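Owing to the predicted nature of the structure, the values given are computational and were not obtained by experimental measurement. Throughout, protein chains are lettered first and strands after them, A, B, ... in sequence-line order, and every chain is numbered starting at 1.
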Amino acid sequence: MLPLSRRLTSANFKASHLLSSKTSFSSSSHVLSRPTVEFIGLCSSGHLREAFERFKLEIWSDPNLFSHLIQACIPKNSLPLARQLHSLIVIAGCSADKFIANHLMNLYCEYGELDQAEALFGRMPRRNVMSCNILLKGYLKADNLEGARKVFEEMPDRNVPSWNAMITGYVQSKRNGEALSFFSEMHKEGFLPDVFTVSSVLGGCAGLRALYAGRQAHSYAVKSAFEPNMVVASSLAHMYMKCGSLGEGEAVIRSMPVKHVVAWNTLIAGKALNGSPEGVMDQYNLMKIAGQVPDKITFVSVLSACSDLATLGQGQQVHAEAMKRGATSAAGVASSLVSMYSRCGCLEESMKAFSECKEKDVVLWSSILAAHGFHGKGEKVIELFEEMQEKGIEVNEITFLSLLYACSHCGLKDKGVEFFTMMVERYELKPRLEHYTCMVDLLGRSGSLHEAEETIRSMPAKPDAVIWKTLLFASMVHKNTEMAKRAAEEVLRVDPQDSASYVLLSNIHASAKRWKDVSEVRKSMRDQNVKKEPGISWVEIKNRVYQFIMLDKSHPHYAEINIYLKELIAEMKLRGYIPDMGSVLHDMDDEEKEHNLVHHSEKLAIAFALMNTPAGSPIRVMKNLRVCRDCHVAIKYISEIKARQIIVRDSSRFHHFKNGSCSCGDYW
DNA sequence: GTAGGGTTAG
């Protein structure tokens with residue numbers, strides 16, 4: 001057979017066309033002929049080459065068939081194929097056809113080939129709204145907002161979809177303020193917003209936490225009868241929940257006649273946003289009772305809630321369900337799994353979820369780094385990071401945050417400094433306050449207190465209570481009372497409600513026997529109406545979570561736990577345990593102090609778990625505050641005496657106690 | 001063409 005180009009230019013084209021007239025069809029016909037149907041079928045099932053070879057002649061007689069071919073090219077994700085198609089179209093002399101040119105432009109936009117799209121656009125004799133919108137969306141898809149804006153501004157006329165594209169594009173790039181400006185401009189120019197506009201605008205309001213603007217959009221939606229639209233309704237609910245108005249969000253969802261999976265997910269995410277992981281689990285269960293099938297986004301939210309709650313049993317059940325639905329291959333679900341297992345104390349399972357995911361992205365890589373950092377495996381974090389670099393995986397601010405965090409928790413000061421420099425110089429990433437906080441932690445805890453303080457004083461970001469608290473903690477560890485005092489005062493200047501800093505400040509004064517200062521701190525605590533945050537621990541036994549509050553006598557098992565602990569502590573003392581009175585406030589007598597220590601929530605939880613789980617099984621406890629020095633020593637003894645592995649997750653990391661020692665190497 | 005999600009300092 002002649003090459004196509006030859007056949008085209010050859011004079012016998014017409015003849016060959018006529019020869020095949022039996023199978024040819026007319027473009028004006030409304031009834032699709034059998035070959036057309038067959039051709040479309042081949043295209044949409046991805047058999048492009050076959051479609052082209054078999055229906056060459058039909059294509060010549062009806063160039064619109066090219067459109068089907070072009071559209072079928074998009075999901076094939078093959079740029080070479082697209083280019084071949086383009087040259088065929090040029091050869092066929094159809095490239096000036098407005099309809100085909102638009103399709104081609106769209107094709108190049110899909111592949112991010114904006115130069116090609118621009119070239120086609122430039123050759124168009126008359127640019128209609130449709131062509132402009134296609135190019136506009138191409139720029140938005142490529143995250144090139146400036147390019148999109150230029151096209152938008154130079155458009156001869158616009159329609160509602162043009163405005164919608166701009167609003168959506170800006171919302172998706174988190175430039176919500178500008179998105180809303182487009183909306184008001186659109187309104188001024190007399191365009192009528194549709195459901196698409198309203199949905200995007202609500203997304204913008206959610207991003208800005210702009211409840212007032214969100215309410216206005218809501219009343220517009222009501223007036224225009226858009227509320228029954230599923231997308232509008234879920235956007236509305238999301239907006240309310242993101243703005244902290246959980247009740248209004250729930251009301252919107254309640255009013256939906258049919259709760260679609262997205263509505264459930266919005267509700268679930270809303271519970272998470274408003275700090276209620278228990279609520280997340282409740283809604284997830286209700287969703288399943290209602291017969292709704294969870295999707296990968298459901299799993300992501302629910303698994304994150306499990307990692308907040310540190311309820312391994314529940315997490316495993318959700319994991320099983322996700323596996324059943326084939327959702328674990330998605331990078332998002334894998335990231336949540338990595339984080340959940342790590343935060344529930346099972347690092348091996350994190351690693352398994354990580355390895356099993358085939359399409360790893362930055363977030364998943366950052367999750368596995370953070371997971372190892374959380375367990376004090378600094379060397380492994382560095383090894384994984386190097387692997388990441390070798391493989392040329394994208395690196396972002398959060399990757400570095402995980403890295404720096406790992407270094408500070410493992411005492412790898414030099415490595416941490418090296419990574420911080422690498423981040424700024426090689427990757428040109430701008431450190432955020434969080435990165436500086438990691439550096440202060442890294443420097444301070446490894447003993448370079450002055451460098452740490454200097455970091456705060458010289459950084460471009462405005463210090464918050466957290467960074468000063470980090471310095472405060474480091475100066476307490478290294479017993480630099482002058483610096484601790486300075487840091488505590490800075491914390492309280494930024495956040496006068498910070499109870500932990502009052503307690504630390506009062507302890508500093510007490511250890512220097514400055515009783516007058518102690519009572520002054522106590523007085524300002526009273527004046528500010530600050531209450532010490534009570535220590536709370538949780539332990540999961542047979543899928544039930546038990547909560548223990550420090551000194552809580554109202555606990556139903558208080559009496560038994562008390563007897564058990566007394567015996568245990570007597571045995572510990574025989575082996576050399578001495579209660580560390582320094583971990584208690586200084587204005588009580590020793591007996592009272594010891595009673596206080598014995599009833600720290602983690603000791604209660606561990607005692608309860610020892611009483612209620614089979615010998616030799618590991619115990620996993622979660623605590624809201626950091627483990628105190630005394631408990632840390634005590635748990636080491638308990639792990640030896642009872643021959644149990646005790647895994648404690650405190651507010652900042654994991655401690656694996658085994659045979660009388662802890663994985664953190666007493667550095668925490 | 002529009003909606004919901006993941007990693008992250010203390």
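- For the pair A/I368 CD1 and B/dT8 P, the interatomic distance rounds to 11 Å; values are reported in whole Å.
- Closest to the side chain of A/S339, from the set B/dG6, B/dT7, B/dG10, is B/dT7.
- Residue A/N396 is out of contact with every strand shown, counting any heavy-atom pair closer than 4.0 Å.
- Of the listed nucleotides (B/dT2, B/dG5, B/dG10), B/dT2 has the atom at the smallest distance from the side chain of A/F196.
- Side-chain contact between A/L312 and A/Y341 is present, with at least one heavy-atom pair separated by less than 4.5 Å.
- Closest contact between the side chain of A/N164 and the listed nucleotides B/dG1, B/dG6, B/dG10 involves B/dG1.
- The distance from atom CD of A/Q172 to atom P of B/dG1 is 13 Å, rounded to the nearest whole Å.
- Between the side chain of A/S335 and the base of B/dG6, at least one donor-acceptor pair of N or O atoms lies under 3.5 Å.
- Residues A/W468 and A/P463 are in side-chain contact: their nearest non-hydrogen atoms beyond the backbone lie under 4.5 Å apart.
- Candidate nucleotides B/dT7, B/dT2, B/dA9 were compared by shortest atom distance to the side chain of A/Y405, and B/dA9 ranks first.
- Between the side chain of A/D295 and the base of B/dG5 there is no donor-acceptor pair of N/O atoms closer than 3.5 Å.
- Listed pair A/H435 / B/dT8 fails the phosphate criterion, with no side-chain N or O lying under 4.0 Å from OP1 or OP2.
- Backbone-only contact: A/A269 has heavy atoms under 4.0 Å from sugar-phosphate atoms and none from a base.
- Rounded to an integer number of Å, the gap from CG of A/N133 to P of B/dT2 is 14 Å.
- Look at CD1 on A/I253: it is 11 Å from C1' on B/dA3, rounded to the nearest Å.
- Distances shorter than 4.0 Å separate none of the side-chain N or O atoms of A/H409 from OP1 or OP2 on B/dA9.
- Distance from the side chain of A/T437 is smallest to B/dG10 among B/dG5, B/dG10, B/dT7.
- Aromatic ring orientation, A/F654 versus A/H375: parallel (interplanar angle below 30°, classes split at 30° and 60°).
- For the pair A/I398 CD1 and B/dG5 C1', the computed distance is 14 Å after rounding to whole Å.
- When A/K380, A/E386, A/M388 are each tested for a side-chain contact (heavy atoms from CB on, under 4.5 Å) with A/L384, only one passes: A/K380.
- A/A334 comes within contact range of no nucleotide atom at all, as no heavy-atom separation falls under 4.0 Å.
- Among the heavy atoms of the strands, none lies under 4.0 Å from A/M439.
- Under 4.0 Å is where a charged nitrogen must lie from a carboxylate oxygen, and between A/E418 and A/K415 at least one such pair does.
- Put simply, CG on A/L404 is 11 Å from P on B/dG10, counting in whole angstrom units.
- For B/dT2, its base sits under 3.5 Å from the side chain of A/S199 at one donor and acceptor pair at least.
- For A/S235 and B/dA3, a side-chain-to-base donor-acceptor distance below 3.5 Å is absent, hydrogens and geometry of angles not being considered.
- With distances taken from any side-chain atom of A/L401 to the nucleotides B/dT8, B/dG6, B/dT7, the minimum falls on B/dT8.
- No side-chain donor-acceptor contact under 3.5 Å links A/H260 and A/Q292.
- In the set B/dA9, B/dT2, B/dG6, the nucleotide with an atom closest to the side chain of A/T168 is B/dT2.
- Proximity of A/N396 to A/T399: side-chain heavy atoms (C-beta onward) are separated by under 4.5 Å at one or more points.
- In this entry the distance linking CZ of A/R626 with C1' of B/dG10 reads 7 Å, nearest Å.
- Rounded to an integer number of Å, the gap from A/K141 NZ to B/dT2 P is 10 Å.
- Of the candidate nucleotides B/dG1, B/dT7, B/dT2, B/dT2 has the atom nearest to the side chain of A/V231.
- Minimum atom distance to the side chain of A/R343 is reached by B/dT8, of the listed B/dG5, B/dT8, B/dG10.
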